[in-house]
Amino acid sequence: MKGNPPMFLSKIRLTFAALLLVSTPVTAYGAESRTQDAQRTSYLAENQINEAPSALQGAPLFSFSVLSDTHIVNTDQVSQLLLSRALADHHKLRPESKLLVLNGDLTGGTEGDYRSLVGLLSSQPHAPVHATMGNHDYYGVWRTPEGGMDTLKMNPAWSSKQAIALFDRVWGYDKPYHELIVEGYRFLFLSGEAYRDVNASYKEDAFLSAEQLAWLRDRLAVAGTADAGKPVFVFLHQPLPQTLDGTDRELGVVQHQELRALLDEHPNVILFSGHTHWNLETTNQVKQLKFLAASSASIREVWNAQNEPETIGVSQSLIVDVYKDRVVIMRREHTTKRWIEPSIAKGYDVK
């Protein structure tokens, strides 16, 4: 999540009422149909993207899911319930899905939190998982010896290096960034590689090393040659600044200028992010730049345009259907088990 650690921690305290809230169905919300239609038309025109027909002809080549900000903490029953609900919803909707992306802020940064996450994933069916690191996955640095949180003093027994090693060990990675090929389509997973213990100025932003950026540049160059015309799916927890709604409040990525320039050279990129938690339905979270940017909001807690948590148990993520000539991004609200309209169709000229 965006912002400093104390702000988030003050909003994640659990109450009995919160537990009742997420276990109870929530009534769908929104404006009148005519207002929604006008907003939809304006939204699509502004972003130069198309609304996907409700009944597309033919089955997709494959599907994948994008979830972010699960914030699994071993003592937080709400986070575990919301992720379990989302996993069940995704599996019911796309039982043959090829991939489940967990795009950062997976945990509270401790080994116990990862054990809870892995245990939850092991308890119900889902597609193969690939993950990125978010800022909260470094939060072991704020843990006290007693297991509490103290955001005024860093834990001298924990570091960014240890956080990355834990992440890599859990998922079986050599580095916190990697490549995956699914059905001939390229997936590139990026992660921030340092937190405040390395440099206080990084705050909650993603630090991308020169090595990681060189790797990304190489992979995108290969994609431009080998996969001409195909979309390239890129994942990073923090969004680029001044792109989607809610991205003007912090830097997001330390090397944002270099990353933006690199992605601008590859119009077939779709960059998926999370971090802000901003609502997919009431704020602009898909935008056509020189590449396409899309947010998956949050599983654990969705925020409104005033940068505050919603007052109802909203939990959101994405399902992506890949066709030969287009990609369709569908937004899902898991508490009410409904689609957020419109779905977004992005066409590609695949040779």
Side-chain angles (χ1 to χ4, degrees), residues 60-72 83-84 86-87 89-91 93-107 109 113-138 163-193 206 208 212 215-216 218-220 222-223 227 230-239 263 269-275 293-300 317-322 327 329-330 332:
L61 300 175
F62 66 95
S63 302
F64 65 93
S65 297
V66 186
L67 293 70
S68 70
D69 299 275
T70 56
H71 292 284
I72 296 296
L83 178 56
S84 180
L87 290 173
D89 201 23
H90 278 275
H91 183 67
L93 292 166
R94 296 292 187 276
E96 303 302 321
S97 177
K98 295 293 184 181
L99 183 64
L100 176 72
V101 178
L102 299 180
N103 199 15
D105 278 7
L106 316 177
T107 68
D113 297 339
Y114 277 106
R115 280 198 298 269
S116 294
L117 173 58
V118 171
L120 194 156
L121 289 169
S122 300
S123 69
Q124 58 192 105
H126 57 79
V129 175
H130 282 256
T132 70
M133 290 188 76
N135 49 305
H136 276 251
D137 300 308
Y138 286 94
I164 292 172
L166 175 59
F167 172 83
D168 288 345
R169 185 169 75 250
V170 168
W171 304 112
Y173 301 149
D174 295 326
K175 296 178 180 179
Y177 53 93
H178 68 284
E179 179 182 47
L180 177 71
I181 306 296
V182 177
E183 301 290 323
Y185 287 76
R186 199 170 301 267
F187 290 71
L188 303 175
F189 301 88
L190 311 178
S191 289
E193 297 174 85
L208 305 181
Q212 182 173 183
W215 173 86
L216 177 62
D218 175 74
R219 294 296 85 203
L220 290 175
V222 169
D227 306 328
K230 287 184 179 180
V232 180
F233 305 109
V234 180
F235 303 87
L236 176 63
H237 176 67
Q238 289 94 333
L263 296 181
V269 161
I270 303 178
L271 175 66
F272 292 95
S273 63
H275 189 58
S295 170
S296 53
S298 172
I299 293 297
R300 174 58 178 83
S317 65
L318 306 176
I319 288 179
V320 182
D321 286 340
V322 180
V327 168
I329 299 174
M330 290 162 289
R332 184 71 172 175

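Worth knowing before you read on, the calculation uses all heavy atoms, side chains too, and leaves out hydrogens, waters and symmetry mates. Each residue takes its place number in the sequence, starting with 1.
Shown here are the side chain to side chain contact (heavy atoms under 4.5 Å, CB included) partners of Ser317, two or more places apart in sequence or in another chain: Leu67, His90, Ile299, His334. For Ser123, there are no side chain to side chain donor-acceptor pair (under 3.5 Å) partners two or more places apart in sequence or in a different chain. A search for salt bridge (charged side-chain N to carboxylate O under 4.0 Å, His left out) contacts involving Glu96 returns nothing, not counting sequence neighbours. Partners of Glu179 by side chain to side chain donor-acceptor pair (under 3.5 Å), not counting sequence neighbours, listed by chain and number: Arg186, Arg219. Looking at residues two or more places apart in sequence or on another chain, you find a side chain to side chain contact (heavy atoms under 4.5 Å, CB included) between Val182 and Phe62, Lys98, Leu180, Phe187. Partners of Arg169 under the side chain to side chain contact (heavy atoms under 4.5 Å, CB included) rule, at least two apart in sequence or in another chain, are Glu111, Leu166. In this view, His126 and Leu87, Leu100, Leu121, Val129 satisfy the side chain to side chain contact (heavy atoms under 4.5 Å, CB included) rule, not counting sequence neighbours. Residues satisfying the salt bridge (charged side-chain N to carboxylate O under 4.0 Å, His left out) test with Lys230, not counting sequence neighbours, are none. Evaluation of the side chain to side chain donor-acceptor pair (under 3.5 Å) rule for Ser273 yields no partner, not counting sequence neighbours. Remark: Phe189 engages His130, His178, Phe235 in a ring pair (Phe, Tyr, Trp, His ring centres under 6.0 Å) (not counting sequence neighbours). For Arg94, the salt bridge (charged side-chain N to carboxylate O under 4.0 Å, His left out) partners are Asp321, not counting sequence neighbours.
With Asp113 contributing its side chain and Thr107 its backbone, the two residues share no donor-acceptor pair below 3.5 Å. The main-chain N or O of Glu193 is never found under 3.5 Å from a side-chain atom of Tyr177 such that the two would form a donor-acceptor pair. Judged by distance alone, the side chain of Asp69 and the main-chain N or O of Asp105 form no donor-acceptor pair under 3.5 Å. His237 places a side-chain N or O within 3.5 Å of a backbone atom of Asn103 that can act as its donor or acceptor partner. The closest donor-acceptor contact from the side chain of Asp218 to the backbone of Trp215 lies at 3.5 Å or more, if one exists at all.
Checked for salt-bridge contact, Lys175 and Asp168 miss the test: no charged N lies under 4.0 Å from a carboxylate O.
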